[in-house]
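Okay, structure first, notes after.
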Amino acid sequence: MNQYMLKEKMKVYFIMGSTNCSTDAEEVLEKALKGGATLFQFREKGTGCLEGGSRTELAMALQKVCRRYNVPFIINDDIQLMKHLDADGLHVGQEDGDLAEIRKAIPGKLLGVSVHNLKEARHALEVGADYLGVGPIYPTGTKTDTRPVMGYSVIRELRENGIDAPIVGIGGISASNASGVTQAGADGVAVITAISSHQEPDEAAYELLKSVEKGKESN
Ligand SMILES: Cc1ncsc1CCOP(=O)(O)O
Ligand SMILES: C=C1C=NC(C)=NC1=N
Ligand SMILES: [Mg+2]
């Protein structure tokens, strides 16, 4: 997939694991994709998350939903699971291992990296990352061990320093603030709660998409 197509897929980047939704994860994902989510990341992490067979089973079920909507299915952190399912890609953080090693280990797959500053962004792209996750943009209760809340500043700084790779902002993002993230230069937004905990995940995804497009108009 070329960079232009990948930037299109970054618009509404939905992330979820079993601990992020009180109802049926498959149903929430189906609705999110119906509503316009453009990419999905399976992130099964934190207290009470699934392990072993039940983890793999849920991942397979969610991968099937993504296939039906022709939406990329990305796995967070777990390279074994990604390989086992032949998923479309892997997302890793700064502490998930040597980025160059990880890049070599998954040839032809999408590799996303969480970055927090220009140095980390340059390194990730040098080793061959396909897209960058930048945040936390706003305060979030979903991930407790985040770096300090950064606002739009890092997104702007990356763009001003010639980083034109696909970028998603992440952290406390909803339809009410997503336009600011794309106005600052991101290609889209990555969200957990705004969709996974919404009564109507399809409406939530659609509102996010509209907010993302609005921000793009003015950047
Ligand atoms: C995984 C992650 N990385 C930085 S903030 C965050 C959590 C985002 O969750 P939410 O969209 O519910 O704020
Ligand atoms: C921490 C993260 C940052 N960015 C993205 C896209 N996913 C993540 N899990
Ligand atoms: Mg990680």
Side-chain angles (χ1 to χ4, degrees), residues 1-2 4-93 96 102-103 105-114 129-131 133 142-143 166 168 170 173 175 187-209 212:
M1 176 182 336
N2 66 40
Y4 176 80
M5 284 163 65
L6 187 52
K7 288 189 172 190
E8 289 295 299
K9 297 281 183 188
M10 292 279 121
K11 285 179 178 171
V12 179
Y13 185 136
F14 181 36
I15 304 175
M16 177 176 62
S18 63
T19 64
N20 305 119
C21 77
S22 45
T23 55
D24 174 56
E26 262 181 81
E27 217 176 280
V28 171
L29 177 56
E30 172 105 31
K31 286 182 176 168
L33 297 182
K34 266 204 183 87
T38 48
L39 187 142
F40 177 69
Q41 177 189 129
F42 179 61
R43 180 175 178 274
E44 190 63 19
K45 204 170 178 179
T47 0
C49 73
L50 300 175
E51 297 290 345
S54 51
R55 180 194 186 90
T56 305
E57 255 167 58
L58 177 59
M60 288 173 96
L62 299 178
Q63 181 178 33
K64 279 198 189 78
V65 179
C66 288
R67 281 223 171 95
R68 273 197 283 115
Y69 286 82
N70 193 22
V71 160
F73 176 74
I74 305 268
I75 301 268
N76 184 54
D77 284 357
D78 192 339
I79 191 163
Q80 296 317 321
L81 183 60
M82 194 229 86
K83 288 187 168 187
H84 179 59
L85 297 181
D86 191 26
D88 298 303
L90 182 78
H91 188 93
V92 293
D96 290 319
I102 294 169
R103 175 69 279 178
I106 56 169
K109 296 292 183 183
L110 288 173
L111 175 60
V113 178
S114 302
D130 295 294
Y131 73 83
T142 307
K143 178 178 161 85
V168 279
I170 185 169
I173 297 176
D187 297 289
V189 294
V191 302
I192 300 181
T193 310
I195 295 178
S196 69
S197 305
H198 198 285
Q199 282 290 336
E200 307 298 340
D202 48 339
E203 287 175 21
Y206 182 61
E207 291 306 315
L208 272 160
L209 186 58
V212 159

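Of all the heavy atoms in Thr19 and Lys45, the pair that sits closest is OG1-O, 3.6 Å. Taking all atoms of both residues into account, the shortest heavy-atom contact from Val168 to Met10 is CG1-O, 3.4 Å. Considering all non-hydrogen atoms of both residues, Leu208 and Ala175 come closest at CD2-N, 3.7 Å. Closest non-hydrogen pair, Val28 versus Ser196, comes out as CG1-CA, 4.0 Å. In plain terms, the two heavy atoms of Lys9 and Pro72 that are nearest each other are CD-CD, 3.8 Å. Here the closest non-hydrogen pair linking Val12 and Ala205 is CG2-O, 4.2 Å.
Rounded to the nearest 0.5 Å, atoms CD1 (Ile192) and CG (Asn20) are 5.0 Å apart. If you take OG1 on Thr23 and CD on Gln199, they are separated by 9.0 Å, rounding to the nearest 0.5 Å. Residue Leu62 holds its CG atom at 5.5 Å from CE of Met16, rounded to the nearest 0.5 Å. To the nearest 0.5 Å, atoms CD1 (Ile106) and CD1 (Ile75) are separated by 11.0 Å. Taken from CD in Glu44 to CD in Glu51, the straight-line distance is 8.0 Å, to the nearest 0.5 Å. Taking NZ of Lys34 as the reference point, atom CG of Asp202 lies at 8.0 Å (rounded to 0.5 Å).
For the pair Arg103 and Asp130, the salt-bridge criterion is met [side-chain N within less than 4.0 Å of a carboxylate O]. One finds a salt bridge joining Glu30 and Arg68 here, because a Lys/Arg side-chain nitrogen approaches an Asp/Glu carboxylate oxygen to under 4.0 Å.
When ring centroids are compared, Tyr69 and Phe40 stay outside the 6.0 Å threshold.
Scored by the salt bridge (charged side-chain N to carboxylate O under 4.0 Å, His left out) test, Lys109 finds Asp86 as partners (sequence neighbours excluded).
The local environment of CE in Met1 is crowded, with over 12 non-hydrogen atoms from other residues, nucleotides or ligands closer than 6.0 Å.
Between the side chains of Thr38 and Glu8, not a single donor N or O lies within less than 3.5 Å of an accepting N or O.
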Check step by step if side chain to side chain contact (heavy atoms under 4.5 Å, CB included) holds for Arg43 and Cys49. CA-CA 9 Å; Arg43 180 175 178 274; Cys49 73; over 6 Å; no
The test is side chain to side chain contact (heavy atoms under 4.5 Å, CB included); show your working for Tyr131 and Leu39 and say whether it passes. CA-CA 13 Å; Tyr131 73 83; Leu39 187 142; 5.5 Å; no
Would you check, one step at a time, whether the test side chain to side chain contact (heavy atoms under 4.5 Å, CB included) holds for Ile170 with Ile15? CA-CA 10 Å; Ile170 185 169; Ile15 304 175; 3.6 Å; yes
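Applying side-chain contact (heavy atoms from CB on, under 4.5 Å) to Phe42 and the options Asp77, Leu81, Leu29, Asn76 leaves one that passes, Leu81.
Looking only at distances, no side-chain donor or acceptor of Asp88 sits under 3.5 Å from a matching main-chain atom of Ile74.
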